[in-house]
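Single-structure report; data block below.
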2 protein chains.
Amino acid sequence: MARVRKTVTIRDVAEDAGVSLQTVSRVVNGGPNVRPQLRDKVRASIDRLGYVPSLAAQRMSGSRSYIILAINDRERTLADWRARLGTDWVDQMLLGGILTCSQHGYRMMVELVDTHSDHVERELGAALSALQPDGVILTPPHSENRLITQLLAERNIPFARIGSNAPGPGIPLTMGDESAAHLATSRLIELGHRRIAMIAGPPQYSLSGWRIDGWKRALDEAGLPHDGLLEVGDFGYASGTRAARALLDRHADLTAIIGSSDQMTLAALEVARDRGLSVPHDLSLISFDNTPIVRFSQPPLTAVDQPIAETVSRAVEQLIARGPDGDDDAVIEVPAGLVERYSTAPPPVEAPAQAQAHAPGRA
Amino acid sequence: MARVRKTVTIRDVAEDAGVSLQTVSRVVNGGPNVRPQLRDKVRASIDRLGYVPSLAAQRMSGSRSYIILAINDRERTLADWRARLGTDWVDQMLLGGILTCSQHGYRMMVELVDTHSDHVERELGAALSALQPDGVILTPPHSENRLITQLLAERNIPFARIGSNAPGPGIPLTMGDESAAHLATSRLIELGHRRIAMIAGPPQYSLSGWRIDGWKRALDEAGLPHDGLLEVGDFGYASGTRAARALLDRHADLTAIIGSSDQMTLAALEVARDRGLSVPHDLSLISFDNTPIVRFSQPPLTAVDQPIAETVSRAVEQLIARGPDGDDDAVIEVPAGLVERYSTAPPPVEAPAQAQAHAPGRA
DNA sequence: ATGAAAGCGCTAACAC
DNA sequence: GTGTTAGCGCTTTCAT
């Protein structure tokens, strides 16, 4: 049994280069006080031996762990993965997170923690103790969970709150939900719509409120009404169905709906189809999220695109740059964009015909 | 500035319980030689203090790192994430991986490494040195990359090869590609098809060949021809378009195509549409992968479902169970299933009408 | 069945 | 500028 090739350690490099451990360490970490000549020599040894510092050892010696931990809601994430509906939130997080982390020599790990559970603290605490991350990224609905933010603050671990702009510890980042909703609503108004409804997300999410605010503001600015035009869902398909039905029942003159999630908007599309309403000719739809499937619905949905990758990337940068101090004040806003597809058009000239028979699609 | 609450270490527990460090360690790791009485006492202290061992320290002291590293092709993965086509390969890996890892007290990390690059060794070597994972999961095309498997074998790190059944080090796992292709083809034959083409994946992927084998076997068993009915793509959309056109040009009597990826099959669907061929009435289509979007095409595609989560889960279990030894022999096969949707039907009674005008969909 | 001692690979603090 | 010393938190020996 051939002896397994031992791991190359800092000691090997030191010997090879004929210097002390400390010098190697300094070179590796770009520390000062190393003569260029020696530095190059050490570098050469490092390359030749293929030395890479052990994360564990670095962590042990009291320096950083070089780990950023991204925390997602366990229940929702698992449900998304299992449903296979193409929700690519986690993928986009990884895209932004892994790339930016690796640029700084960090790694990103993802952890699922249950919000609803009363053992959030245990769960999260365990992850923190085991991993000892240098930074944590919180996503809704964790971003504003007091138990979580307090725990992080107590342990003095820098963290980012995505989808939260509340004061307090942690770096707040948003995707400009108010502006995005305003933008979407304005676009609809521009197209000529006067009755624009919104299916909002659940109130536990701050961004649900921001989107309502943006919608209302655009309506107000145009002197348009919004009473009775708001329904609240839970981001899920079924709630979208309920909401769309209620809205359509209540307002015969409704010509546009903004849904606060793809699933709810897709549900609205289905409700419209059931009622013989053509989208976008009788009813315009704008969605939030812009997950892959809205490009494949009939018609493809106009949607507000959440810049998740970019936001996570920014969060990582902040976490790494700021380190353990806590200048948490300015909210970082990464603006969302509006992707226009085929679910938006000018409203019908007359009120939409009730259940007009229209060209049958398949099914 | 209040002193940050120090991390709870094994020493704290030892003091609290009035025992030695070693005893605590034994309790934590389920070691033998601890009186139940003492064990309970220690456990109580652990709970009270909320002690969780530091991964880094565990790793340092020569025991396991409790990390499983999943390695994906950098280029392809980033392309998928950026394209936002709903490819959920990584999500499914995480679903299977994270859950199974956490059941055993492990964590999963994902790393992107570039196959094509000549610095595979450096890239992968660096990740291994930094992370020192207890196990590695390779996915195609890495699974059969000699540079990678050799490196892993040399370093004596247990690894799983997903999508590879070659002999050699590493635990081989497949998703039964031969059987799946056979199943899909048989189903088509059962429906009455006699001319069944295949658009295969690139030859660098073993599974491309297996799928061809399964298709041929089913054809042979039914006494059906397969000459001229095979085209090779690269899994991408454009290659699917090319292949479908070639196939349709060559065989006026073609009534079914099996595509070795969703993108290629979706491309075939588009080609059929362009030629006025109705799917499934003129042409049946079966896809491989079953990513979310094939449920939303018109019509939704019948597809072979790759049990990625389950396969990764099995890989993790093997890695953890086997440890550093290497009984690498039996191929573990996690069978794929066939999800029947609406792209498959009996072939037309006559040869399909050339460019028959059919009900216009949107666009 | 339990404890004491040594050391994993690295960096911070302090010499020189 | 560079080397030496001490420890990080844990698990291994090895005693007892």
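If you measure from atom CE of B:Met60 to atom P of D:dG7, you get 16 Å, rounded to the nearest angstrom. If you measure from atom CG of A:Leu131 to atom C1' of D:dG9, you get 15 Å, rounded to the nearest angstrom. Atom-to-atom, CZ of A:Arg64 to P of C:dT11 comes out at 10 Å; the value is rounded to the nearest Å. Summarising the geometry, the separation between CG on B:Leu21 and C1' on C:dG7 is reported as 14 Å, rounded to the nearest angstrom. If you take CG of A:Asn33 and C1' of D:dG3, they are 13 Å apart, rounded to a whole angstrom. Between the CG atom of A:Leu49 and the P atom of C:dG9 there is a distance of 14 Å, rounded to whole Å. At whole-Å resolution of the value, CD in B:Gln58 and C1' in D:dC8 are 14 Å apart. Taking atom CD of residue B:Gln22 and atom P of nucleotide C:dA4, one finds them 11 Å apart after rounding to whole Å.
Within the nucleic acid shown, A:Val19 comes within 4.0 Å of sugar-phosphate atoms alone, with no base atom in reach, counting heavy atoms only.
Of all nucleotides listed (D:dT11, D:dT2, C:dA1), D:dT11 comes nearest to the side chain of B:Ser25. Comparing atom distances between the B:Ser54 side chain and each of D:dG9, C:dT11, D:dT11 picks out D:dG9 as nearest. In the set D:dC10, D:dT2, C:dG9, the nucleotide with an atom closest to the side chain of A:Leu38 is D:dT2. Distances from the side chain of B:Tyr51 to the nucleotides D:dC10, C:dT11, C:dA4 place D:dC10 closest. Checking D:dC10, C:dG9, C:dT2 against every side-chain atom of B:Pro53, the shortest atom distance belongs to D:dC10.
OP1 or OP2 of C:dG3 lies within a sub-4.0 Å distance of a side-chain N or O belonging to B:Ser20. An OP1 or OP2 oxygen of D:dC8 is reached within less than 4.0 angstrom by no side-chain nitrogen or oxygen of A:Arg59. Between B:Thr23 and C:dG3 there is a side-chain polar atom (N or O) within less than 4.0 angstrom of OP1 or OP2.
A residue-by-residue look at A:Ser61 and B:Val34 shows that B:Val34 has its nearest nucleotide of DNA chain C further toward the 5' end. Mapping B:Val24 and A:Pro32 onto DNA chain D via the closest heavy atom, the residue that lands nearer the 5' end is A:Pro32.
Using a distance-only test at 3.5 Å, with no hydrogens or angles considered, a donor-acceptor pair links the side chain of B:Ser65 to the main chain of B:Gln132. Here the side chain of A:Asn29 pairs a donor or acceptor atom with the backbone of A:Ser25 at under 3.5 angstrom. With hydrogens and angles ignored, the 3.5 Å screen pairs no side-chain donor or acceptor of B:Asp47 with any backbone N or O of B:Ala44.
In this structure, a donor-acceptor pair under 3.5 Å is absent between the side chains of B:Glu123 and B:Ser117.
In this structure, the side chains of B:Thr77 and A:Leu94 stay at 4.5 Å or more apart for every pair of heavy atoms. Side-chain contact between A:Met109 and A:Pro133: absent, with no pair of heavy atoms (C-beta onward) separated by less than 4.5 Å. Looking at A:Glu144 and A:Gln204, their side chains never come closer than 4.5 Å, going by heavy atoms from C-beta outward.
Contact of B:Arg26 with C:dG3 (side chain to base): a donor-acceptor pair of N or O atoms is detected under 3.5 Å.
Terminal axes of the helix from C:dA1-D:dT16 to C:dC16-D:dG1 (five pairs each, C1' rotation axis) are separated by 40°, to the nearest 10°.
Around CZ of B:Arg48, the count of heavy atoms belonging to other residues, nucleotides or ligands within 6.0 Å exceeds 12.
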